[in-house]
Amino acid sequence: METKEREFGGTVLNGFLFLFINILLTLISIAGIISSIILLSNDKPGGWTLAFSILLLIASFILWSGMMMLEPNEARVTTWFGKYSGTFSQTGFFWINPFYSTKKVSLRARNLDAEPIKVNDKTGNPVMIGLVLVWKLKDTYKALFEVDTQTMANAPSGQIGADMRSIMNALERFVRVQSDAALRQVAGQYAYDDEDSKHNELTLRGGGDEINEQLEEKLNERLALAGIEVVEARINYLAYAPEIAAVMLRRQQASAIITAREKIVEGAVSMVKMALDKLSSEEIVELDDDKKAAMVSNLLVVLCGDDSAQPVVNTGTLNH
């Protein structure tokens with residue numbers, strides 16, 4: 001993935017050291033203001049000291065805004081009066097120039113469980129399909145400046161896109177829309193199952209990892225614009241749409257019955273052949289063609305029938 005992101009190159013100071021220095025400056029400025037007021041109340045010169053102390057106090061308040069803290073897998077995107085200055089991603093407590101504008105983003109993996117949507121498969125059958133997606137931010141520059149996450153973010157007036165939660169929610173909505181489009185594109189290229197496709201053709205139900213790999217590839221293509229990397233994408237729900245589910249269920253049942261009957265007939269024929277060969281080889285009884293045909297018919301009825309056979313005892317003779 002081509003990146004436009006770069007490391008922040010401005011001045012960075014230890015946050016705890018600067019915290020101590022800034023507290024000291026604040027206390028000095030407050031002490032200067034108090035002493036200047038006392039001097040002026042006693043008709044002694046202190047105007048310049050008072051002005052300097054007030055300016056020093058205002059400067060210390062401004063310097064406080066340069067403090068920032070980052071946890072693991074977080075970053076701050078910095079701009080200098082609208083110009084991108086780099087991405088700061090060191091973990092800890094730091095101070096930078098307070099005139100840098102910063103926006104905090106999360107680099108941690110996030111999960112999206114998309115609701116099943118209705119799409120038409122390759123043969124035109126409506127199916128319900130859903131996915132689960134694991135994604136994370138890879139390029140902070142693209143996330144903030146290639147897509148309009150700042151105005152997409154649902155933040156209070158005057159703070160649009162300024163907080164991490166709003167920016168990440170906006171990116172999640174972008175991922176949701178693009179995952180919907182990618183899922184429709186992939187699902188439309190394949191039939192639901194092999195009943196609707198040619199022999200050995202890849203299907204949604206039987207494709208497994210191959211379908212998931214193609215889905216992940218399509219998602220990466222679409223989300224690269226926003227600097228987002230897909231860690232994993234899986235189809236987690238697949239079914240016929242309700243309007244045809246009953247019909248398709250009957251078709252599947254009929255197919256299963258036919259397959260089962262084929263197995264039963266195949267087994268019955270082999271058993272009948274084995275019985276005839278056994279009777280002939282051991283010379284238990286000699287059967288003419290008519291008797292063999294009758295025996296084959298009776299055995300097939302018994303072996304292939306759904307109901308239990310009712311035995312009939314034949315007390316007659318085989319030779320007439």
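FYI, the numbering just counts along the sequence from 1. Every heavy atom of this structure was used, including side-chain atoms; hydrogens, water molecules and symmetry mates were not.
- Atom CZ of F99 sits in a sparse spot, with 12 or fewer heavy atoms from other residues, nucleotides or ligands closer than 6.0 Å.
- In this structure F16 satisfies the side-chain contact (heavy atoms from CB on, under 4.5 Å) test together with N14, F93, sequence neighbours excluded.
- Listed here is the closest heavy atom pair of A187 and V119: CB-CG2, 3.6 Å.
- In terms of modelled atom types and a separation under 3.5 Å, the side chain of N220 and the main chain of V230 share a donor-acceptor contact.
- Counting heavy atoms from C-beta on, the side chains of Q214 and Y190 come closer than 4.5 Å.
- Note on L63 and L19: same hydrophobic cluster, where clusters join Ile, Leu, Val, Met, Phe, Trp and Tyr whose side-chain heavy atoms are under 4.5 Å apart, directly or indirectly.
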* Asked: Where do I28 and I30 land on the side-chain contact (heavy atoms from CB on, under 4.5 Å) test, with the steps shown first?
  -> CA-CA 5 Å; I28 290 173; I30 292 174; over 6 Å; no
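- At a threshold of 4.5 Å between non-hydrogen side-chain atoms, the residues I21 and L17 count as touching.
- Using a 3.5 Å distance cut-off with no hydrogens or angles, the side chains of D113 and N236 do pair a donor with an acceptor.
- Residues L107 and L137 share a closest heavy-atom pair of CD2-O, 3.9 Å.
- Across I62 and P98, no two heavy atoms sit closer than the pair O-CB, 3.4 Å.
- Here the CG atom belonging to L112 is positioned 7.0 Å from the CG atom belonging to L131, to the nearest 0.5 angstrom.
- Residues F174 and V231 fall into different hydrophobic clusters, defined by Ile, Leu, Val, Met, Phe, Trp and Tyr side chains chained together at heavy-atom separations under 4.5 Å.
- From L50, atom CG reaches atom CD1 of I33 across 6.5 Å, with rounding to the nearest 0.5 Å.
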* Asked: Checking side-chain contact (heavy atoms from CB on, under 4.5 Å) for the pair N120/N125: CA distance, chi angles, key distance, verdict?
  -> CA-CA 5 Å; N120 290 331; N125 292 324; over 6 Å; no
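- Heavy atoms only, all atoms of each residue included: K118 and A241 are closest at CE-CB, 4.2 Å.
- Put simply, the side chain of W64 never gets that close to the backbone of N22: no donor and acceptor are under 3.5 Å apart.
- Expressed to the nearest 0.5 Å, how far CG of L204 lies from CD1 of I235 amounts to 6.0 Å.
- Smallest separation of non-hydrogen atoms from K142 and A224: CD-O, 3.5 Å.
- For F94 and F18, the ring centers are positioned 6.0 Å apart or more.
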* **Step-by-step side-chain contact (heavy atoms from CB on, under 4.5 Å) determination, R222 to Q185** => CA-CA 12 Å; R222 290 175 173 273; Q185 182 180 1; 3.3 Å; yes
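- By the side-chain hydrogen bond (donor to acceptor under 3.5 Å, both in side chains) test, T87 is found to be paired with Y84, T140, residues two or more places apart in sequence or in another chain being considered.
- Here the shortest heavy-atom pairing between A191 and K122 reads N-CB, 3.6 Å.
- To the nearest 0.5 Å, the span separating CD on E232 from CG on N212 amounts to 8.0 Å.
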Using a 3.5 Å cut-off and no angle test, enumerate the donor-acceptor pairs between side-chain atoms of residues 52-60 and protein atoms at least two apart in sequence or in another chain.
| from | atom 1 | to | atom 2 | distance (Å) |
| --- | --- | --- | --- | --- |
| S53 | OG | T49 | O | 2.8 |
| S60 | OG | T26 | OG1 | 3.4 |
| S60 | OG | L57 | O | 2.6 |

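- Under the 4.5 Å side-chain heavy-atom criterion for ILVMFWY residues, no single connected hydrophobic cluster contains both V177 and L183.
- The ring pair (Phe, Tyr, Trp, His ring centres under 6.0 Å) search around W80 returns Y100, not counting sequence neighbours.
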* Asked: Run the side-chain contact (heavy atoms from CB on, under 4.5 Å) check on M128 and Y240 step by step: do they pass?
  -> CA-CA 6 Å; M128 299 297 295; Y240 282 113; over 6 Å; no
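- Taking CD of E172 as the reference point, atom CH2 of W135 lies at 6.0 Å (rounded to 0.5 Å).
- Using a 4.0 Å cut-off between charged nitrogen and carboxylate oxygen, K218 and E216 do not count as a salt-bridge pair.
- Put simply, CD on E5 and CG on L144 are 10.5 Å apart, with the number rounded to the nearest 0.5 Å.
- Hydrophobic clustering, with ILVMFWY side chains joined whenever heavy atoms are under 4.5 angstrom apart, groups V186 together with L202.
- Note on D180 versus R176: no salt bridge recorded, every NZ/NE/NH1/NH2 to OD/OE distance being 4.0 Å or above.
- For Q189, the side-chain hydrogen bond (donor to acceptor under 3.5 Å, both in side chains) test picks out no residue, with sequence neighbours left out.
- Residue Y141 is grouped with residue M168 when hydrophobic side chains (ILVMFWY) are merged at heavy-atom distances under 4.5 angstrom, including chains of intermediate members.
- For R110 (side chain) and L133 (main-chain N/O), no donor-acceptor pair under 3.5 Å exists by modelled atom type.
- The closest side-chain heavy-atom distance from T79 to F145 is below 4.5 Å.
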Run the side-chain donor-acceptor check on residues 66-78: report pairs under 3.5 Å with partners two or more places apart or on a different chain.
| from | atom 1 | to | atom 2 | distance (Å) |
| --- | --- | --- | --- | --- |
| E71 | OE1 | R108 | NH2 | 3.1 |
| E74 | OE1 | E71 | N | 3.2 |
| E74 | OE1 | K104 | NZ | 3.2 |
| R76 | NH1 | T102 | OG1 | 3.3 |
| T78 | OG1 | G86 | O | 2.8 |

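- N169 contributes a side-chain N or O that, together with a main-chain N or O of R165, makes up a donor-acceptor pair within less than 3.5 Å.
- Checked options D209, L215, I211; the residue passing with R234 is D209 (criterion: side chain to side chain contact (heavy atoms under 4.5 Å, CB included)).
- A donor-acceptor pair is defined here as one N or O able to donate and one able to accept, closer than 3.5 Å; no such pair exists between the side chain of D121 and the backbone of G188.
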